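I have placed the structure first, in the form of structure tokens, so that the comments after it can refer back to it.
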Amino acid sequence: MSHDQLPTERPAVVTCGLPYANGNLHVGHLRTYVDGDLFSRALKRAGQNTAFVCGSDMHGTPVAVNAAKEGVDPKEFALRHHEQYIERFEQFNIAFDNYGHTHDETNTELTQSFVESWIENDHIHEKEIEVAWDAEEEQPLPDRYVEGTCPYCGEHARGDECDDGCQRHLEPGEIENPVSTVTGNPAEYRKQPHKFLKLADFQSYLQGFLNRLEGTDNARNQPREWIEGELEDLCITRDMDWGIDYPGESEEDLVLYVWVDAPIEYVSSTKQYSERVGTDTYDWEQVWKIGGESQHGTEWNDEWTDKSGEIIHIIGRDIIQHHCVFWPAMLRGAGYNEPRGVLATGFVGIDGKALSTSRNRAIWAEEYLDAGFHPDLFRYYIATGSDLENDIDFSWDRFAERVNGELVGNLGNFCYRALLFAQRNYGGTPDAETSEEITAEIENALEQFREALREYDIRAIGNIAVELAAVGNEYIQRNEPWNLVDDQPEKAAQVIRDCVQLSKACAILMQPVMPGKAEALWTSLGETGAVVETTLGDALETPPTEFAEPTELFSKVESEHVESLNEELRERVEAAEQDSTAGEGEDSEADSTDVDLEPLEEERISFEEFQGVDMRVGEILDAEPIEGADKLLKLDVDLGVETRQVVAGLRELHEVDSLPGTRVIVLANMEKAELFGHESNGMVLAAGEEADLLTTHEDAPLGTRVK
RNA sequence: AGCGGGAUGGGAUAGCCAGGAGAUUCCGGCGGGCUCAUAACCCGCAGACCGGUGGUUCAAAUCCACCUCCCGCUACCA
């Protein structure tokens, strides 16, 4: 059963993934918020009663761990970031109707009521599991309080996810060889009772849900494989202080898992909005519940579709599972409505490469603003730069090119020349009727807008005003009103009237993507109200007969400015790469590429033990790639006494052809291994991620022992 | 190798889900026009066998199969 087309008569809520209160925002984060803001504004222009809500995600172990490092209270720590986000969003014209945080009273209460509802409906059970425990400190070690080895792929992993390796979500107790991230103590496992949400109860529901779900394909397809298989119970409690208490019984130090209270903030934030504006204006229960009330059951009833409001989530594609598996199950378990659409955006790259906060290959929100650009320029670039689910590349060159060509040359120029001409010759909108041709063009643009909205095509929505301005430029050029004013004053007046009307339409159509600039244009038109109050139909209303001389809407990005920004970025990336310990601390991303230096080994070894290590000077005679492996090379190394075959992961880090003749140090008595079917008899020593090869500085003969 | 995304004129992209006009737009190149406008704007030209091979079809950039290459994340870095 499919939904009514957007816009509907019912209220809608648009949400963005909660920013985690533990770092700074960069252009990658901003993409989600810009897209969400644009979409919610577009819905409003189309006449849908819409709340755009979000909030800061305050809980979880990273906040607790980082606050502890700073020696501050986690609440204080998280609130500091929360305040900063509020400011940042304002600066980028991202206008949430309500922005709360997960630690506030509304969310605490609502989260507990969700959990109580799950308990009542028998979706919760208790199980004793082994959790990591720091014996010395007598404290439990949930999630990121431990690191260890992933049980699935053997890689180094965090307690809650295998971020280095297979990316799996890890349940408490799964990680092997756990070590406390706080004290460095090896952790032991201890049995603790924990609460679990029985996801399997919702298996069949979730399959139906994905079939009904609108939005981007990735949101629908990516979780499918998951849902087809056996769904495991989700552990929803953690042994720590920081978080929302598990309701009811006085479970000692048991709080809810951060991914429980985080999405519920969508509901809480909507509720806060509702309470502020009054339920006559916006009733959160009409959106989140079913026909205003809870409807329990583990299956969806088709009659419920279109009985409530429209829930649309805009997220980054890294959190699809949480929104398309856990979250709908949580909602269903509490008898709530389900999301209508999930839009999962792609990532943002910089100059053709992936963004990496640890290497400081990033453009921070603050940095963009410091460069002095209007936020709407960034919004336009990022919203129309590519299809929503595809990645976007950000480069200052491309930014300048698009701003100068599309915004300055086209949209800005058209509106400016039209209004200036109108003002100088008529003091405002000339007294003439809009032509049929132009009325049709505007109507066509409005229809494109509505269609883009129905299809969640954010890029198309962002492009419409610029496209309409292109129509205007062509129209004014073709009619040459500057040649008509003297000979054919009536014709001239009509042409200019058309152009002013087009400008007005542009102001309304560009509002979702460039709200600040739209408002400026609206003011230039002499309009008294605010463009945020308009709906699409107003695009055809007569503009004011008088307005003042307009100002230029956009100004050019100068090439010197671009060069200096490029230079700045380049220098910074280089600096970060050279000095990999710098730039840390600011890094907040759940980014796994940190190149922290490992602490020196505490444990000492004896000289005898060292004697067991047989390292020799060698020379690479031959290097060839191993088929099927991207990084592995098969090397023949001359160790003086014999030539060994060694497999090493150098392929992407060194020019293969340049390796023969290179003197290296080889650990000769390394146990043999077989990799991709090739025997490796020894190990070539190299330093760090970039595999900086060890060598000798003089000419010790091949085979000389290193000691 | 696993997952995801991609391959369309010199560069960047749209179209693909719902197959059918001269394949879109932006940047760049060339030629012209206009002078109201931020050296902006408009018109025209050159330039693409829509990654390859096969299939389905009256008809394929679009659907199906296989293949190649690229990018991101991840892995193999004994």
Side-chain angles (χ1 to χ4, degrees), chain A residues 150 153-155 162-168 217-218 220-222 225 317-318 320 344 346-347 349 352-356 384-387 389-393 395 397-398 400-402 404-410 412-425 455 459-460 463 466-467 469-470 472-485 492 495-496 499 550-556 591-593 626-633 645-653 666-667 670-676 678-686 688-691:
Chain A
C150 173
C153 67
E155 271 305 300
C162 178
D163 60 325
D164 277 349
C166 60
Q167 295 258 287
R168 287 179 81 128
D217 293 335
N218 52 6
R220 234 182 337 271
N221 296 333
Q222 195 176 307
E225 199 180 338
R317 73 160 131 89
D318 49 336
I320 288 175
F347 295 142
K353 290 191 195 161
L355 188 148
S356 161
T384 62
S386 98
D387 191 52
E389 54 184 305
N390 287 337
D391 294 352
I392 291 186
D393 190 51
S395 83
D397 287 312
R398 186 90 182 112
E401 186 181 298
R402 295 199 57 206
N404 292 344
E406 296 162 36
L407 299 182
V408 178
N410 197 338
N413 183 233
F414 171 69
C415 294
Y416 181 62
R417 72 199 291 207
L419 299 193
L420 189 65
F421 198 99
Q423 202 279 331
R424 286 192 180 158
N425 289 278
E455 295 184 356
R459 178 183 52 190
N463 277 329
V466 173
E467 283 163 11
N473 273 319
E474 188 275 325
Y475 181 77
I476 196 170
Q477 197 70 40
R478 171 157 48 90
N479 288 286
E480 302 186 337
W482 47 91
N483 290 331
L484 297 174
V485 267
V495 169
I496 291 305
C499 291
T551 49
E552 292 165 358
L553 202 52
F554 299 99
S555 43
K556 258 189 134 170
D591 194 329
S592 56
T593 46
I626 290 175
E627 205 171 324
D630 297 337
K631 294 188 183 175
L632 297 182
L633 288 181
Q645 172 173 307
V646 174
V647 175
L650 305 173
R651 186 165 171 184
E652 288 176 338
L653 303 164
V666 175
L667 180 55
M670 186 73 201
E671 65 185 11
K672 290 184 185 178
E674 190 175 292
L675 283 158
F676 279 76
H678 297 272
E679 186 188 72
S680 181
N681 185 10
M683 177 173 170
V684 173
L685 300 183
E689 294 295 308
E690 302 298 316

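Scope of the values below: all heavy atoms of this structure, side chains included, with no hydrogens, waters or symmetry mates. All of these numbers come straight from a predicted model, not from anything done at the bench. Just so we're on the same page: letters track the sequence lines, and every chain starts at 1.
In this structure, A/R402 atom CZ and B/G11 atom C1' are separated by 14 Å, rounded to whole Å. Going from atom CG of A/D217 over to atom C1' of B/G6 covers 15 Å, rounded to whole Å. In this structure, A/R317 atom CZ and B/G6 atom C1' are separated by 12 Å, rounded to whole Å. Between the P atom of B/A12 and the CZ atom of A/R459 lies a distance of 16 Å, rounded to the nearest Å. Computed from coordinates, the A/D391 CG to B/G5 P distance equals 11 Å when rounded to whole Å. Between the CD1 atom of A/I392 and the C1' atom of B/G5 there is a distance of 14 Å, rounded to whole Å. The interatomic distance linking A/E406 (CD) with B/U38 (C1') rounds to 16 Å, in whole Å. The interatomic distance linking A/L407 (CG) with B/U25 (P) rounds to 19 Å, in whole Å.
If you check B/C77 for Watson-Crick or wobble pairing at under 3.5 angstrom, you find it has no partner at all. Base pairing analysis places B/U25 opposite B/A12; the two distances defining the Watson-Crick or G-U wobble pair are each below 3.5 Å. Across all strands shown, B/G72 forms a Watson-Crick or G-U wobble pair with B/C3, both key distances being under 3.5 Å. With both pairing distances under 3.5 Å, B/A48 is matched to nothing as a Watson-Crick or G-U wobble pair. Pair assignment for B/A37: none, as no Watson-Crick or G-U wobble contacts are both less than 3.5 Å. In this structure, B/A61 forms no base pair with any nucleotide, since neither Watson-Crick nor G-U wobble geometry is met with both distances under 3.5 Å.
Checked by atom type and distance alone, the side chain of A/N410 pairs as donor or acceptor with a backbone atom of A/A470 at under 3.5 Å. The backbone N or O of A/F347 lies less than 3.5 Å from a partner atom in the side chain of A/D391, making a donor-acceptor pair. The backbone N or O of A/A344 lies less than 3.5 Å from a partner atom in the side chain of A/N218, making a donor-acceptor pair.
On the P atoms, B/A37 is 46 Å away from B/G6, given to the nearest whole Å. Going from the C1' atom of B/U62 to that of B/U56 covers 13 Å, rounded to whole Å. Between B/U13 and B/U24, the two C1' atoms lie 9 Å apart (nearest whole Å). Between B/A60 and B/A23, the distance separating the two C1' atoms is 13 Å to the nearest Å. Atom P of B/U68 sits at a distance of 29 Å from the matching atom of B/A59, rounded to the whole Å. Separation of the C1' atoms belonging to B/C27 and B/A40 is 16 Å when rounded to the nearest angstrom. B/C41 sits 9 Å from B/G28 when the P atoms are compared, rounded to a whole Å. Rounded to a whole angstrom, the distance from the C1' atom of B/G20 to that of B/A61 is 13 Å.
Of all the heavy atoms in A/L420 and A/P550, the pair that sits closest is N-CG, 3.5 Å. Here the closest non-hydrogen pair linking A/N473 and A/G409 is ND2-O, 4.1 Å.
When heavy atoms are screened at a 4.0 angstrom cut-off, A/N473 is found touching the sugar-phosphate backbone but no base atom. A/R424 comes within 4.0 angstrom of sugar-phosphate atoms only, judged by non-hydrogen atoms across all strands, and of no base. Within 4.0 Å (heavy atoms only), A/D387 reaches sugar-phosphate atoms of the nucleic acid but no base atom. A/F554 comes within 4.0 angstrom of a nucleotide base, judged by non-hydrogen atoms across all strands.
Projected onto RNA chain B by closest heavy-atom contact, A/F421 and A/N410 fall at different nucleotides, the more 5' of which corresponds to A/F421. When each of A/E552 and A/E455 is assigned the nucleotide of RNA chain B with its nearest heavy atom, A/E455 is the one assigned upstream, toward the 5' end.
Note that CD1 of A/I496 is 4.5 Å distant from CD1 of A/I476, once rounded to the nearest 0.5 Å. The CD atom of A/E474 sits 10.5 Å away from the CZ atom of A/F414 when rounded to the nearest 0.5 Å.
Side-chain nitrogen and oxygen atoms of A/Y416 include none within less than 4.0 Å of the OP1 or OP2 phosphate oxygen of B/A37. In terms of phosphate contacts, A/N483 brings a side-chain nitrogen or oxygen within less than 4.0 Å of OP1 or OP2 of B/U35.
Annotation: side chain of A/E406 is not in contact with side chain of A/F554 (no heavy-atom distance under 4.5 Å).
Nearest to the side chain of A/E401, among B/U38, B/G11, B/C34, sits B/G11. The side chain of A/I476 lies closest to B/C36 when the candidates are B/U38, B/C26, B/C36. Looking at the side chain of A/Q477, the nearest of the listed nucleotides B/C26, B/C42, B/U38 is B/C42. When distances run from any side-chain atom of A/E474 to the nucleotides B/U35, B/A40, B/C42, the shortest one goes to B/C42.
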